[in-house]
Q: 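This is the structure, below, for whatever I ask next.
Both backbone and side-chain heavy atoms feed into the values below; hydrogens, waters and symmetry mates do not. The shown structure was predicted, so the numbers you read here are calculated from the model rather than taken from an experiment. Here is the naming used below: chain letters follow the sequence lines, and residue numbers restart at 1 for every chain.
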There are 2 protein chains.
Amino acid sequence: MTAPLHEARPAGVGRALPDTQQGMRRRNLARVLHAVSAEGSLSRAAVASRIGLTRAAVSTLVDELIRWGLLEELGPERPGRVGRPGSALAVSGRGPAGIGAEIGVDHLAVCAVDLRGAVRARAVHRGANRGRAPEPVIAELTTLVGQVVAEAEREELWPAGLAVAVPGLVARDSHTVVRAPNLEWRDTDLGALLPGDWPLTVDNEANFGALAELWLGAGTPREFLHVSAEIGIGAAIVVDGQLLRGTRGFAGELGHVPVRPDGPSCACGGRGCLEQYAGQEAVLRAAGLQPREDLVGLLAEHAEKGEEGVRAALRDAGTALGIALTGAVNLLDPETVVLGGALAGLSPWLLPSLEAELTGRTAGPACPVAVSPLGPEGPLLGAAHSVVRAVLDDPASVTKRA
Amino acid sequence: MTAPLHEARPAGVGRALPDTQQGMRRRNLARVLHAVSAEGSLSRAAVASRIGLTRAAVSTLVDELIRWGLLEELGPERPGRVGRPGSALAVSGRGPAGIGAEIGVDHLAVCAVDLRGAVRARAVHRGANRGRAPEPVIAELTTLVGQVVAEAEREELWPAGLAVAVPGLVARDSHTVVRAPNLEWRDTDLGALLPGDWPLTVDNEANFGALAELWLGAGTPREFLHVSAEIGIGAAIVVDGQLLRGTRGFAGELGHVPVRPDGPSCACGGRGCLEQYAGQEAVLRAAGLQPREDLVGLLAEHAEKGEEGVRAALRDAGTALGIALTGAVNLLDPETVVLGGALAGLSPWLLPSLEAELTGRTAGPACPVAVSPLGPEGPLLGAAHSVVRAVLDDPASVTKRA
DNA sequence: CTAATTTGTAAACGGCCATGACGAAATAGT
DNA sequence: ACTATTTCGTCATGGCCGTTTACAAATTAG
């Protein structure tokens with residue numbers, strides 16, 4: 001059977017560039033870089049056979065990537081087979097770096113990641129940001145960025161872009177934070193506040209967390225649901241290796257999926273939304289605890305001590321999550337569900353009831369549920385890596401800037 | 001801000017082909033054909049400016065497409081502006097044709113669609129197929145296909161492929177019907193039964209229906225949810241102009257989204273699934289009617305007469321649908337929801353309660369709900385058009401076959 | 001030590017789009 | 001009516017890019 005090729009507007013490098021010889025070259029540069037990056041170390045001949053070009057063509061492409069400082073020659077490979085050994089190539093550890101930043105409710109963090117994916121510099125600033133005006137927060141963040149950039153530059157890296165993860169809604173393809181309830185920011189344009197001549201990306205921390213899971217997670221599928229609870233409960237949906245954002249960018253609002261249609265009414269206008277059962281406020285209330293800054297730690301502490309009320313509250317939250325996820329899994333048929341963010345820390349008490357609900361409501365084999373190994377680092381790493389991926393996906397872009 | 005190019009494995013023509021000059025040519029041929037097809041009639045210069053190539057390049061591409069019989073020269077355009085008028089090009093009405101077939105519970109249908117999208121031949125065979133063995137049904141279908149192909153050939157069309165819509169689950173990228181409850185077929189390989197040297201595609205009728213909506217619907221968005229009820233209740237999810245199939249191909253199982261978690265238990269193992277409230281059986285039972293062949297007609301008749309029991313049953317089904325769709329809309333943020341298949345015919349009685357539920361449970365503007373204008377024709381047209389799209393997406397493929 | 005194998009590179013080749021120029025066919029202005 | 005202008009389609013030229021072919025280098029097998 002012939003593979004169906006239905007598609008009208010292909011995404012990514014494949015077609016965003018005009019289909020001319022220059023575009024072709026540019027895409028092939030990306031393919032070479034991707035191949036080496038994926039394998040860690042590869043000879044020219046290996047790259048050629050992997051991406052379907054000839055050795056001669058790959059040679060010229062590699063030359064160019066080396067000239068741009070994106071690829072390095074490691075020297076002859078250890079010969080295991082007959083024939084002349086290849087010369088190992090690796091992605092450079094001294095080229096461009098992705099700068100990731102995170103604006104948290106109680107901290108700011110910045111890190112630099114090189115093309116190999118290694119974190120090469122980082123800086124953290126603790127301190128509650130809830131209710132503070134954007135300007136001083138961004139000023140602090142700017143100095144942190146400056147520190148990290150300086151440290152990266154000492155290691156012969158240069159910043160290729162800045163990506164900022166924020167705990168709130170970000171307008172699609174913009175730098176504007178539409179609403180960040182936990183910071184109490186509204187319609188804040190970070191582009192105007194952040195200095196820098198680099199490309200800037202601003203996105204929701206949940207999205208970056210999911211992307212981190214996609215890029216860094218162990219044995220990561222290309223199709224999964226990444227659930228996190230920071231502000232409300234959000235699910236980032238990854239389909240075919242890409243984030244599903246929705247028409248208005250509101251996709252993934254798992255928190256307002258109806259769990260019990262006649263349940264308590266919700267701020268969204270609905271009734272019995274998941275957030276009424278598994279949201280932070282709801283769980284705290286059910287557990288009979290007073291809120292403080294580190295809610296996850298609070299809950300985990302008490303649950304650890306074996307307090308039945310707290311455990312029951314978390315169990316019930318898990319059940320509600322399981323019901324909502326059953327719906328999501330039936331709709332999307334993902335390979336796995338990953339619990340990230342605050343949910344990762346509470347998973348010991350959430351998972352049993354969650355999985356019971358999920359398997360009980362599924363005919364065939366239930367969708368496996370995993371806990372994110374990245375934990376709270378996800379968003380920051382995802383942000384930094386998003387910049388790195390941009391370079392990997394279009395290496396020519398690094399020469400297009402002064 | 002630079003557009004993020006994140007993507008690792010791009011889909012479609014864009015990268016499936018090796019990135020060589022031949023591939024480039026092939027993609028550009030597709031772009032020219034797409035442009036003309038989208039606009040109906042276009043001059044070479046207009047195509048050039050639209051797809052970003054030069055007039056000279058487009059000229060040679062057009063020449064090739066004309067030589068292959070995919071494009072036609074209509075003659076000089078009516079000049080409205082200064083300058084020499086262009087020579088209008090149109091997609092040929094005498095080239096390849098897509099043959100679509102539908103295996104329904106009470107009918108077989110076949111049609112031929114030309115590259116312009118016009119239905120040029122069709123044949124229908126009424127008769128209940130429930131419980132019949134696959135072989136005689138396929139034999140009947142084969143003769144219908146023969147008739148349609150003969151008729152198409154009289155109009156100087158030649159079949160470029162056959163796509164079959166079946167009311168059941170089809171294994172991904174295969175010709176095997178895993179399960180078709182209403183036909184009572186299991187693990188039936190249509191590839192072995194259907195003759196022909198053409199490319200064959202077999203898929204679920206709901207999927208083809210959604211694709212028809214995507215390709216033929218009025219003002220069709222690239223991101224929507226197509227809900228249909230044939231066997232069970234299914235939703236085809238279209239994201240960025242492509243069908244979201246899920247890891248195992250089971251995506252879109254709206255029928256088993258939990259609506260009332262403590263409701264009646266369902267064959268799927270869950271409780272309170274949508275199907276328990278809006279499935280055909282459930283609605284019939286609630287309406288107090290005896291099943292017969294044409295269930296939609298039956299329900300519509302009685303509802304039309306104003307029978308309160310029937311209307312109430314449909315109202316309740318609409319409510320349940322609304323609850324399930326609220327969850328789906330929150331997750332996916334589609335541009336619209338389209339009711340197709342049996343639901344389209346019953347929409348007058350379903351819509352009010354469905355929309356009430358959907359708007360009541362949404363904070364911002366609710367996702368609009370539309371009724372498919374294609375109605376029962378959807379799957380058949382979608383199947384035929386899928387073949388046409390395959391040609392449009394890779395015109396060079398028509399010369400690659402003897 | 002020779003034959004076989006594999007790697008990387010160089011030169012010639014061919015395909016494809018861009019560039020620039022030209023004739024053709026329409027409109028706009030005088 | 002006639003010329004200038006604009007736009008269209010095509011042709012010849014040139015540059016870019018991957019392929020093909022050939023060859024030297026480096027390793028293993030015998």
Side-chain angles (χ1 to χ4, degrees), chain A residues 15 17-32 35-36 39 41-67 71-90 395-396 399, chain B residues 15 17-32 35-36 39 41-67 71-90 395-396 399:
Chain A
R15 202 75 155 277
L17 272 30
D19 231 324
T20 172
Q21 296 159 48
Q22 293 173 30
M24 182 172 77
R25 181 94 180 153
R26 216 160 145 174
R27 285 189 299 272
N28 280 335
L29 285 163
R31 298 177 72 183
V32 169
V36 175
E39 225 57 31
S41 164
L42 229 47
S43 71
R44 290 168 174 78
V47 171
S49 76
R50 180 165 304 239
I51 67 177
L53 296 181
T54 58
R55 298 199 308 274
V58 170
S59 261
T60 70
L61 291 163
V62 166
D63 286 348
E64 200 147 351
L65 290 170
I66 289 178
R67 203 174 323 128
L71 236 41
E72 272 178 358
E73 191 116 32
L74 293 186
E77 285 176 328
R78 181 118 49 258
R81 301 171 307 285
V82 289
R84 166 179 170 180
S87 177
L89 299 167
T399 65
Chain B
R15 201 76 156 275
L17 270 31
D19 229 326
T20 174
Q21 293 160 4
Q22 292 172 32
M24 184 172 73
R25 179 96 181 147
R26 216 161 142 172
R27 286 190 298 274
N28 281 334
L29 285 163
R31 297 178 73 186
V32 169
V36 176
E39 226 57 30
S41 165
L42 228 47
S43 70
R44 289 167 173 81
V47 171
S49 76
R50 180 163 306 235
I51 68 178
L53 297 181
T54 57
R55 297 200 309 269
V58 169
S59 262
T60 71
L61 291 163
V62 165
D63 285 349
E64 200 148 348
L65 290 170
I66 289 179
R67 203 174 323 126
L71 237 40
E72 271 177 358
E73 191 116 32
L74 293 185
E77 286 177 326
R78 183 117 48 259
R81 301 171 306 285
V82 257
R84 168 177 166 180
S87 176
L89 299 167
T399 65

Q: Side chain to side chain contact (heavy atoms under 4.5 Å, CB included) with A:E39: which residues, sequence neighbours excluded?
A: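 For A:E39 the side chain to side chain contact (heavy atoms under 4.5 Å, CB included) partners, ignoring immediate neighbours, are A:L42, A:R50.
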
Q: Using five base pairs at each end, measure the axis-to-axis angle across the helix from C:dC1-D:dG30 to C:dT30-D:dA1 and round it to 10 degrees.
A: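 Axis angle across the helix from C:dC1-D:dG30 to C:dT30-D:dA1, nearest 10°: 10°.
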
Q: In terms of the nearest nucleotide of DNA chain D, which residue is placed more toward the 5' end: A:L61 or A:E77?
A: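 By nearest-heavy-atom nucleotide position, the 5'-most residue is A:L61.
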
Q: For A:R84, which residues count as a salt bridge (Lys or Arg N to Asp or Glu O under 4.0 Å) partner, sequence neighbours excluded?
A: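 For A:R84 there are no salt bridge (Lys or Arg N to Asp or Glu O under 4.0 Å) partners, ignoring immediate neighbours.
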
Q: Once you round it to whole Å, what is the distance between P of C:dC16 and CG of B:D19?
A: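 Nearest whole value for this atom pair: 14 Å.
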
Q: Return the value, rounded to whole Å, for the distance between atom CD of B:Q22 and atom P of C:dG15.
A: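 To the nearest whole Å, that distance equals 9 Å.
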
Q: What is the distance, rounded to the nearest whole Å, between atom CZ of B:R27 and atom P of C:dC16?
A: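 About 12 Å, once rounded to whole Å.
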
Q: Just wondering, do A:V32 and A:L89 contact through their side chains at under 4.5 Å, heavy atoms?
A: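 No. Closest side-chain heavy atoms not under 4.5 Å.
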
Q: Can you sort out the partners of B:S41 under side chain to side chain contact (heavy atoms under 4.5 Å, CB included), two or more places apart, ordered by chain and number?
A: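 B:S41 satisfies side chain to side chain contact (heavy atoms under 4.5 Å, CB included) with B:L74, B:A88 once adjacent residues are dropped.
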
Q: Taking side chain to side chain contact (heavy atoms under 4.5 Å, CB included) as the definition, give me every residue that meets it alongside B:T60, ordered by chain and number, with sequence neighbours left out.
A: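 B:T60 satisfies side chain to side chain contact (heavy atoms under 4.5 Å, CB included) with B:R25 once adjacent residues are dropped.
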
Q: Calculate the interatomic distance between B:Q21 atom CD and C:dG14 atom P; express it in whole Å.
A: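 The answer, rounded to whole Å, is 13 Å.
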
Q: Just the rounded figure in Å: distance from C1' of C:dG15 to CZ of A:R25.
A: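 To the nearest whole Å, that distance equals 16 Å.
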
Q: Using the heavy-atom set of chain A and a strict 4.0 Å cut-off, write down the first and last nucleotide of DNA chain D that makes it in, 5' to 3'.
A: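 Boundary nucleotides touching chain A, in 5' to 3' order, are D:dG15 to D:dA29.
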
Q: Give me, pair by pair, the N or O atoms of the protein and of nucleotides 23-27 of chain C that are less than 3.5 Å apart, along with how far apart they are.
A:
residue : atom : partner : partner atom : Å
C:dG23  : N2   : B:R84   : NH1          : 2.6
C:dA25  : N3   : B:R84   : N            : 3.2

Q: Looking at A:P395 and A:L65, what are the two nearest heavy atoms and their distance?
A: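 That would be CB-CD2, 3.8 Å.
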
Q: What is the separation between atom CZ on B:R31 and atom P on C:dC17, rounded to the nearest whole Å?
A: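 Interatomic distance, CZ of B:R31 to P of C:dC17: 11 Å.
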
Q: Take atom CZ of A:R26 and atom P of C:dC17, then tell me their distance rounded to the nearest Å.
A: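 Going from A:R26 (CZ) to C:dC17 (P), I get 18 Å.
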
Q: Does C:dC16 have OP1 or OP2 under 4.0 Å away from a side-chain N or O of B:N28?
A: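 No, B:N28 has no side-chain N/O under 4.0 Å of OP1/OP2 on C:dC16.
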
Q: To the nearest 0.5 Å, what is the distance between CG on B:L61 and CD1 on B:I51?
A: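 The CG atom of B:L61 sits 6.5 Å away from the CD1 atom of B:I51.
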
Q: List in chain and number order the residues that pass side chain to side chain contact (heavy atoms under 4.5 Å, CB included) with A:R67, two or more places apart in sequence or in another chain; answer none if no residue qualifies.
A: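 Once residues adjacent in sequence are excluded, the partners of A:R67 under the side chain to side chain contact (heavy atoms under 4.5 Å, CB included) criterion are A:D63, A:E64.
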
Q: Test: salt bridge (charged side-chain N to carboxylate O under 4.0 Å, His left out). Region: residues 73-82 of chain B. Which pairs qualify, not counting sequence neighbours?
A: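 The answer is B:R44-B:E73.
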
Q: Does a salt bridge link A:D19 with B:R26, judged by any charged N lying under 4.0 Å from a carboxylate O?
A: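 No salt bridge links A:D19 with B:R26.
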
Q: Tabulate protein N/O versus nucleotide N/O from nucleotides 9-11 of chain C, keeping only pairs under 3.5 Å, one per line.
A:
residue : atom : partner : partner atom : Å
C:dT9   : OP2  : A:R44   : NE           : 3.2
C:dT9   : OP2  : A:S59   : OG           : 2.6

Q: Less than 4.5 Å apart, side chain to side chain, heavy atoms only: is that true for B:V47 and B:V62?
A: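 With C-beta onward as the side chain, the pair stays apart.
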
